[in-house]
Number of protein chains: 2
Amino acid sequence: MYTIGELSKNTEVTVRTLDYYDEIGLIKPSSKTEGGHRLYSEDDVMRLERVLALKYMGFSLEQIKDILENSTSTWQDSIQQQLELVKREQERLQVLEQALLGISYSIEIEGEINWKIIFSIIQLYQQDPEDALQQYKDYLNDGEMKKIMDMNVKNMSEEDIRKWIKVIHDIKNNLNIDPASEKAQQLVESWLNQAEKMYGNDEKLLGDMWQALQNLKEGIAFYPMNKDVIQFIESVFIAKEELKK
Amino acid sequence: MYTIGELSKNTEVTVRTLDYYDEIGLIKPSSKTEGGHRLYSEDDVMRLERVLALKYMGFSLEQIKDILENSTSTWQDSIQQQLELVKREQERLQVLEQALLGISYSIEIEGEINWKIIFSIIQLYQQDPEDALQQYKDYLNDGEMKKIMDMNVKNMSEEDIRKWIKVIHDIKNNLNIDPASEKAQQLVESWLNQAEKMYGNDEKLLGDMWQALQNLKEGIAFYPMNKDVIQFIESVFIAKEELKK
DNA sequence: ATTGAACAACACGTAACGTGCTGATTTATA
DNA sequence: TATAAATCAGCACGTTACGTGTTGTTCAAT
C-alpha cells in the first residue's frame, strides 16, 4: 500500500495528476485511512502504469477510460485509429514544413515580407499538390508533371537552395541592366547552370517549363521564378542571338 | 466597411472567433455604428488575413500579436523557430508511430495484450535508439549495430511484416512439438528464410545476432524473438544435426 | 503532547474558441 | 411608419489535463 506521495515519487507522476485521475474516476485508490488519506494497492499501480502507457500512445484520458474498461476486442481498432491520426498529423506537419521553408526562402530572396507570396504559398500547400499543377497541364505532359512533383524544396540540398536563392536574388537586383552586357550574360549563365542541374539533361522538360512560365501570369508554383525574372532572362537570350549575327 | 457578419461570411471565420480576436485586442474594428455595432475596414481585413496566415503556420495568437506589432527583423527568427518546433514534433510522431506499430504487431502475434511487452516497447522508443542497442555491444561491432538500426519496422514492407508475424506466431503455437519432427523442421525453415531475407547474405551478422539473442535474457529490441522461440529453433538445429549422423 | 511533513479538498488559471443566452440594434417588410 | 425578422454586443459557462496556491486536517516522529 502506497500513500499518494510515495506513489508520486516512484512513478514520477505529480500528486496533482493522481489527484485529478482520482477526481475523474480514472484511478481510484482501493482503500483509505481512517482520516481519509488515499492508499494505493499494487493493482492500482498497475492500472496507473497502463494509463501512462496509453497516454504515451496519444490517447485522451476519456479514451483511456473506455479502453481499460472494455474488453480486449477493441484494442486493435483503437491502435489502428491512433495510427491513422498520427499519420494524418505527420502529413499536416510535412505540408506545414514545406510552407514554412518556402516562406523562409521568399523572405531571403525578397529581403522583406511579401504577404501576397505568403498567401500564395499557403494556398499552394492547402490544396493538394496534384491540383496545384493543373494550371500547367497545357504545357506539361503527365510524366513531366510527376517529375516536377517529386522535385520540391524538401528534396533539394541545402546548398542547392542557397545557390538558387543567390542566383535569383542577383537577377532581381539587376533587372534594369543592359541585356547585352557582360554582367547580364553571366547572370543568365549561372541561372542556366542551376536549371540544368535541377532538371538534369531533360532538355524537353526544361523547354516545356520555359513555355509554361512565359505564358502563365502568376506562376507561384515555381516561385521565385516570377515574370520579371523570366522576362529578363528572355531579353538576355535575345540579346545574345543578336550579338551572334 | 463590413459588419462582423459579412466579414465572417467572406473569410469563413466564425463570428465568435472575430469576437474573441476583438476581446484579446488582436483585431479591433477601426470604427463602430452609433449603436455600437462593429465595422471592419479593408485594413482590418488585411490584418485578419495575416493573422490567419500566421495561424496556419502554427503560431499562437500571443506570438502573432508580437510578430505583427514588431518590425520585420524578427521574422526569419520566428520562422526558423517554428521550423524547429515542427521538426521536433515530426520526430516525436515518428517515434510514436514506431511504438504503435510495434504494439499492434505484438497483439497480432500474442493474440492478447501483453502489458510487459507494451511497456518494453515504449521504454525502447523513449530512450534513443543508440542506447537501446548498447546491450548488444558485446556481441555486435559498430558496423553491425548501424546495420540493425537501419532495419526497423518502418523500413520493412507490409508483406514482410505479415510473414514475420505468421512465422513467429506459428512457432509460438508449436513450442512443444518434437524438434525432430517434419513440422518442426518446416517451421525453422521458414524462419531461416525470413532471417536470410532480412539480413541479406551477411552470414556473420546473422551469426552474431544469434549469439546475442541466446545470451541476453530479455531481448526486447528484437521482439518478438523471445527466449522460447530461440530455444525452440536451437533445439531443432540440434535435432537436425543428430539426424545427419 | 507537540511539531513538522504530508495530505484532502477546493479555487482559479491555462488556449482558443463553441454554444447558448438576453437584450439592444439594424434591416426588411407591410 | 410601425412592426417583424435578422443581426448584433456582451456575457457566462464549457472544453483538456493538469499547475499553482491556499486552508484546514491527518499522519509520523519525537
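All figures in this text were calculated on a predicted structure; none of them were measured in a lab. Below, all heavy atoms of this structure are taken into account, side chains as well, without hydrogens, waters or symmetry copies. A note on names: the letters A, B, ... follow the listed sequences, proteins ahead of strands, and every chain is numbered from 1.
- Heavy-atom distances under 4.0 Å link DNA chain C to no residue of residues 42-52 of chain B.
- Put simply, the side chain of Lys32(A) never gets that close to the backbone of His37(A): no donor and acceptor are under 3.5 Å apart.
- Counting non-hydrogen atoms under 4.0 angstrom, Ile24(B) reaches nothing in the nucleic acid.
- In this structure, the ring-ring contact (aromatic ring centres under 6.0 Å, His included) partners of Phe119(B), at least two apart in sequence or on a different chain, are Trp115(B).
- Here the side chain of Glu97(B) pairs no donor or acceptor atom with the backbone of Val86(A) at under 3.5 angstrom.
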- Query: When you look at Ile118(B) and Met57(A), which way does the side-chain contact (heavy atoms from CB on, under 4.5 Å) test go after all the steps?
  - Reply: CA-CA 10 Å; Ile118(B) 288 181; Met57(A) 294 183 218; 3.6 Å; yes
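- Nucleotide dC8(D) holds its C1' atom 13 Å from the NZ atom of Lys9(B), rounded to whole Å.
- Considering only residues two or more places apart in sequence or on other chains, Asn10(B) meets the side chain to side chain contact (heavy atoms under 4.5 Å, CB included) condition with Tyr2(B).
- Side chain of Ser41(B) to backbone of Met1(B): no donor-acceptor contact under 3.5 angstrom is found.
- Using a 4.5 Å heavy-atom cutoff, the side chains of Gln94(A) and Gln90(A) are not in contact.
- For the pair Asp19(B) CG and dA9(D) C1', the interatomic distance rounds to 7 Å; values are reported in whole Å.
- For the pair Asn114(A) (side chain) and Ser106(A) (backbone), a donor-acceptor distance under 3.5 Å is absent.
- A nucleotide of DNA chain C counts as in contact with chain B when one of its atoms lies under 4.0 Å from a heavy atom; the first and last such, 5' to 3', are dA16(C) to dT26(C).
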Under 3.5 Å, which donor-acceptor pairs do the side chains of residues 47-54 of chain B form with other protein atoms, sequence neighbours left out?
unit_1	atom_1	unit_2	atom_2	d
Arg47(B)	NE	Leu26(B)	O	2.8
Arg47(B)	NH2	Leu26(B)	O	3.1
Arg47(B)	NH2	Glu69(B)	OE2	3.4

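- Taking a cutoff of 4.0 Å between a charged side-chain nitrogen and a carboxylate oxygen, Arg92(A) and Glu89(A) qualify as a salt bridge.
- Per the geometry, CG belonging to Leu18(B) stands 13 Å off C1' belonging to dC8(D), to the nearest Å.
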- Task: Mark up nucleotides 13-30 of chain D, 5' to 3', with B wherever a protein heavy atom is under 4.0 angstrom from a base atom, S wherever such an atom reaches only the sugar-phosphate, and - elsewhere.
- Result: ----BBBB-----SS---
